[in-house]
Amino acid sequence: MIVTLLCMAAGVTLAQRGWRGMHDISVDRKGVPTWDYDQNFPSDSFTFVRVEFDSYFGRAGGGGWLTDYPDSDLNFSLRLQQLTSLKVNPDPKTMRLTDDELFDYPFLYMIEPGGMVLSDEEVAALRKYCLNGGFLMIDDFWGDDQYENVRYELEKVFPDRKPFEVPLSHEIFHIVYDLKEKPQVPALRSVQRGQTWEYARDGSDTRNPDYRAITDDNDRIMVFICHNTDLGDGWEREGEDKYYFDEFSVKKAYPMGINIVTYAMTH
């Protein structure tokens with residue numbers, strides 16, 4: 001899909017949305033407005049796709065991948081529609097890496113992968129997807145133990161490619177919003193305790209965000225790893241606390257998310 005992005009974000013002031021979700025996307029859109037898009041040409045619209053995966057933190061087929069769902073996906077799709085010229089599908093999707101239609105969508109979002117377990121079939125599918133131009137964003141996992149699990153699973157996908165720390169000078173931090181620091185977004189409950197980070201189960205230091213990447217042979221980022229930060233909570237919880245909205249949703253979570261999608265869709 002070829003997309004031209006003209007981002008209007010710098011001149012737009014976001015208004016906080018005053019609603020809370022019920023965590024059942026089949027019931028309603030939690031107050032998130034819908035909008036028209038050409039359903040005859042679905043490949044011309046950006047669709048936010050969340051990856052379903054098995055996890056030893058939860059039951060098979062469940063667990064961490066459901067975190068913040070569907071509120072964050074709905075909110076982020078709305079803000080992407082409002083703040084860019086990108087045509088956005090108002091209905092985000094979830095799918096497994098082995099689903100036949102995976103290759104119809106150039107962007108995937110994976111959340112809370114600290115306990116993720118990939119099957120051999122999923123490993124092969126993700127490798128093929130990324131090497132054929134797809135982009136995977138990984139978000140919301142904290143501490144050394146969870147990172148080690150993600151590193152182990154990704155090593156099965158890319159045994160010859162190691163994640164590396166992405167410098168602040170990289171265009172992904174500046175492509176739309178010119179970020180002056182790597183953003184760290186904690187859960188709302190952490191902010192309400194006066195923290196800008198979340199505690200890790202293993203007790204490791206999580207006070208600094210860690211952004212890593214895996215690239216292809218042309219130095220295009222295929223996998224973007226957002227560790228010790230929770231961008232999804234900044235999207236999901238935007239309507240629940242004005243301070244959180246102003247300081248973390250507006251200044252960090254949405255700018256970083258829009259930068260990531262813009263990079264993914266233009267590279």
Worksheet entry | Chi angles and distances behind the side-chain contact (heavy atoms from CB on, under 4.5 Å) call for Trp142, Tyr199 | CA-CA 7 Å; Trp142 299 76; Tyr199 290 116; over 6 Å; no
Between [X] and [Y], does any side-chain donor sit less than 3.5 Å from a side-chain acceptor?
X	Y	result
Tyr147	Asp210	no
Tyr69	Glu236	no
Gln82	Arg79	yes
Thr94	Glu52	yes
Arg50	Ser72	yes

Fill in: Lys/Arg N to Asp/Glu carboxylate O, Lys156 vs Glu122, below 4.0 Å
no
Worksheet entry | Lys242/Asp246 salt bridge by N-O under 4.0 Å criterion |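 Salt bridge between Asp246 and Lys242, a charged N being under 4.0 Å from a carboxylate O: yes.
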Are side-chain heavy atoms of [X] and [Y] found at a separation under 4.5 Å?
X	Y	value
Thr229	Asp140	no
Phe141	Ile225	yes
Ile221	His170	yes
Cys226	Ile260	yes
Leu179	Met256	yes
Ile214	Leu154	yes
Met95	Val51	no

Practice prompt. Would you mind telling me which of Thr215, Asp216, Asp217 makes a side chain to side chain donor-acceptor pair (under 3.5 Å) with Arg161?
Written response: Asp217
Partners passing side-chain hydrogen bond (donor to acceptor under 3.5 Å, both in side chains) against [X] (at least two apart in sequence or in another chain):
X	answer
Asn132	none
Asp145	none
Tyr211	none
Lys93	none

Worksheet item: Is there a chain of hydrophobic side chains (I, L, V, M, F, W, Y, each step under 4.5 Å between heavy atoms) that links Trp197 to Leu188?
Response: no
Worksheet item: Do Val223 and Tyr152 belong together in a cluster built from hydrophobic side chains that touch within less than 4.5 Å?
Response: no
Assess whether atom [atom1] of [X] is packed by more than 12 heavy atoms of other residues, nucleotides or ligands within 6.0 Å.
X	atom1	answer
Asp160	CG	yes
Asp100	CG	no
Phe164	CZ	yes
Arg189	CZ	no

Worksheet item: Does Lys128 make a cation-pi contact with Phe103, if we ask for NZ or CZ under 6.0 Å from the ring centre and within 45° of the axis?
Response: yes
Worksheet item: Glu112 and Thr67: which non-hydrogen atoms are nearest, and at how many Å?
Response: CD-OG1, 3.3 Å
Fill in: Val191 to Pro186 - nearest heavy-atom pair and separation
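Result for this residue pair: CG2-CG, 3.3 Å.
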Fill in: Val150 and Glu155: CA distance, side-chain angles, deciding distance, side-chain contact (heavy atoms from CB on, under 4.5 Å) verdict
CA-CA 8 Å; Val150 172; Glu155 190 172 74; over 6 Å; no
Worksheet item: Taking the six-membered ring for Trp, are Tyr109 and Trp235 parallel (under 30°), tilted (30 to 60°) or perpendicular (over 60°)?
Response: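 Tyr109 vs Trp235 ring planes: tilted.
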Worksheet item: Mind checking what makes side-chain contact (heavy atoms from CB on, under 4.5 Å) contact with Glu171, not counting sequence neighbours?
Response: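 If we apply the side-chain contact (heavy atoms from CB on, under 4.5 Å) test to Glu171, skipping adjacent residues, the hits are Ile175, Tyr263, His267.
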Practice prompt. Only counting residues at least two apart or in another chain, list the ones meeting ring pair (Phe, Tyr, Trp, His ring centres under 6.0 Å) with Phe248.
Written response: Tyr244
